[in-house]
Protein chains: 2
Amino acid sequence: MSGGERALRLARAYLSRVAEPPAPALASFVAELGPVRAAELVRRGEVPPAVDSQTSARRAEDRAEDDLRRVARIGGRLVVPEDEEWPAWPFTALSVAASHGLRCGLAPLALWVRGDADLAGLVERAVAVVGSRAASGYGQHVAAEFGFGLAEAGVTVVSGAANGIDGAAHRGALAAGGRTIAVLACGVDVAYPAGHQALLERIPRQGLVVSEYPPGHTPARHRFLTRNRLIAALGDGTVVVEAGRRSGAKNTAATTAALGRVLMAVPGPITSASSQGCHELLRSGEAVAVGSVAEVIESTGRLGDDLVRAGRCDGPGPPQGDAMRVHEALGLAGGRSAEAIAVESGVELARVRALLPELELVGLAERDAAGWKRSQRTTGRGDA
Amino acid sequence: MSGGERALRLARAYLSRVAEPPAPALASFVAELGPVRAAELVRRGEVPPAVDSQTSARRAEDRAEDDLRRVARIGGRLVVPEDEEWPAWPFTALSVAASHGLRCGLAPLALWVRGDADLAGLVERAVAVVGSRAASGYGQHVAAEFGFGLAEAGVTVVSGAANGIDGAAHRGALAAGGRTIAVLACGVDVAYPAGHQALLERIPRQGLVVSEYPPGHTPARHRFLTRNRLIAALGDGTVVVEAGRRSGAKNTAATTAALGRVLMAVPGPITSASSQGCHELLRSGEAVAVGSVAEVIESTGRLGDDLVRAGRCDGPGPPQGDAMRVHEALGLAGGRSAEAIAVESGVELARVRALLPELELVGLAERDAAGWKRSQRTTGRGDA
């Protein structure tokens, strides 16, 4: 890293901690003067009043060096707008929204990420899958199916790592051997929710854990709302799987619509409180109904691509293809041995043995006396 | 009845049997010459070729006198366009559709009805509630709730008396002490489906059983499709509660849209085959999502009326108000005695005792050791 590059990264790291996002005055100040000069002036307090009010409380807290070291220790880094992997195109919608005075706008000043994947590459084809923490069994099943199916189709699954729908979506994508991004409302080194510590350590191996908050930042209610705009912006569209009338997912939904992204909602029983928010979105016409992965892909306008990809499935495919093939080789009525599934799917036995518990975890496979079969809850991915 | 009136009714009775509806050439012929003269010429075979091909097979079958007697014996009559109770306005949409060459068009030549209610009065405020015969428990529950709630709000529930959704909707309306119309694809004296014989005998006491087919006519596949246009035409809108991909309810839905009526669909689990047809209607934007009786009423554009009615509920209300009051007086956690419910609801004990089994029948009430309570499946009508 050159000296200039290093100064730039240190400046952005400092700026990411000095103000609570979104900080429009600071963002304009940085855009005008460049991050290095802006950071210098902020540190000295030589800023216009609007910037001062956003930065005065924390301007003496310069932990940039330490933050970069901390995140490096857990396999992370700071991605800045000057990097090639900065998702410039997805964030354009945020800037446009901000220029229209929409509160949901404003690209982040930098992103802390954990994992090796290239961020821009990961969001080239991405769909956000979000919903209630208090999800029903139905909602978690659908989220896992969608996460699995999208990942399998080569689409990155973006979500917020929360309990309920988010977690199920991430797990589905992981089980498919696909790619997923968790956007946090706290530092990428903070395990929140605590029960998702293992999940958050697993995600960087197949995708990225991302946050605009510096290491050690704890979550707060307003940070979830601020974070939601990044989830909406990073996907080509957002699927709301389940949402109560007051679910935070409705905030992500509103942002999705404001950003001009495709908003989708999954219908559910009208007798279920967890689906009320989805029904409101459908009834108002804000969201389009989606009942399968194919419909999500169709709605986000990438069907052509996927038909081409599907045509390639006969040859040796990407890793996510294995999970699909194993799933399709599962017994329907009674179980089958892993050996039989390996023969049927053409996937090597060791990989079959690794994938089966993954499929079980997301509710796509179950065991009986004879071996492995498809879960009773699911008879085909496309219909689920 | 005057001689002219009698001749008219006999002519329409004859015409209703002589051609298989919809018979556009015959309809034009009748519109041009009047029913008495048209019937005379049809009987003699002195008709244009198009009319001849629609009537030659049955023109010798003049059972008008007998048909009128048969239907009178079961408390029925023939309603003709010349009657005040002819639903002229609801059928206008059919004529308009026919004039645009739509197959779903064409008002019936006459309607055989069973029951005392005034047909035009009954459809002044009406909503069709339709769906699959192979309905899920969820679908039947929703149909019963909607039937109950609509009837309670003074809206006539129109359906087709089929197994599954139709039957549940009718039963819900009956349980509320409200009004319902069953439009059959066979004679009003034919019990089809056989399991609905009791239902079909019950409906005329609170509404009407209606058919354009003469007494004794048996149902046939094409007659269901032809019948569906009348269901669509008689409602201000149609709610599809559940429909598989190939359900006949989708035909009623298409007709509803073609007639310019409000088409509504109830969301359900995307994992349920019974909801696939509803989701297709929602996804394509053909139908608006409805999740409660209030939303159905709002969608059919009568909200103002209903708020006024709701305001009157404190005073002595129409019969359907009793069922609502009894339902609201049911225990939530544990059961209550009929006496306690009478006190709580202000509905007289005999009526409470009559209504409780009705509510049980449609799944709105259940018994326990202590008495009657709300069904576990339902905690509030508006949310169901």
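Reminder, nothing fancy here: chain letters follow the sequence lines and each chain counts from 1.
Put simply, the side chain of B:Arg283 does not reach to within 4.5 Å of the side chain of A:Met264, judged on heavy atoms.
A donor-acceptor pair under 3.5 Å is absent between the side-chain atoms of A:Tyr138 and the main chain of B:Thr271, judged by distance alone.
Ranking A:Gly268, A:Ala289, A:Ala273, A:Cys278 against chain B, the residue ahead of the rest is A:Gly268, based on heavy-atom pairs under 4.5 Å.
For B:Glu295, the parts lying under 4.5 angstrom from a heavy atom of chain A are both the backbone and the side chain.
Taken from CD1 in A:Ile270 to CD in B:Glu145, the straight-line distance is 8.0 Å, to the nearest 0.5 Å.
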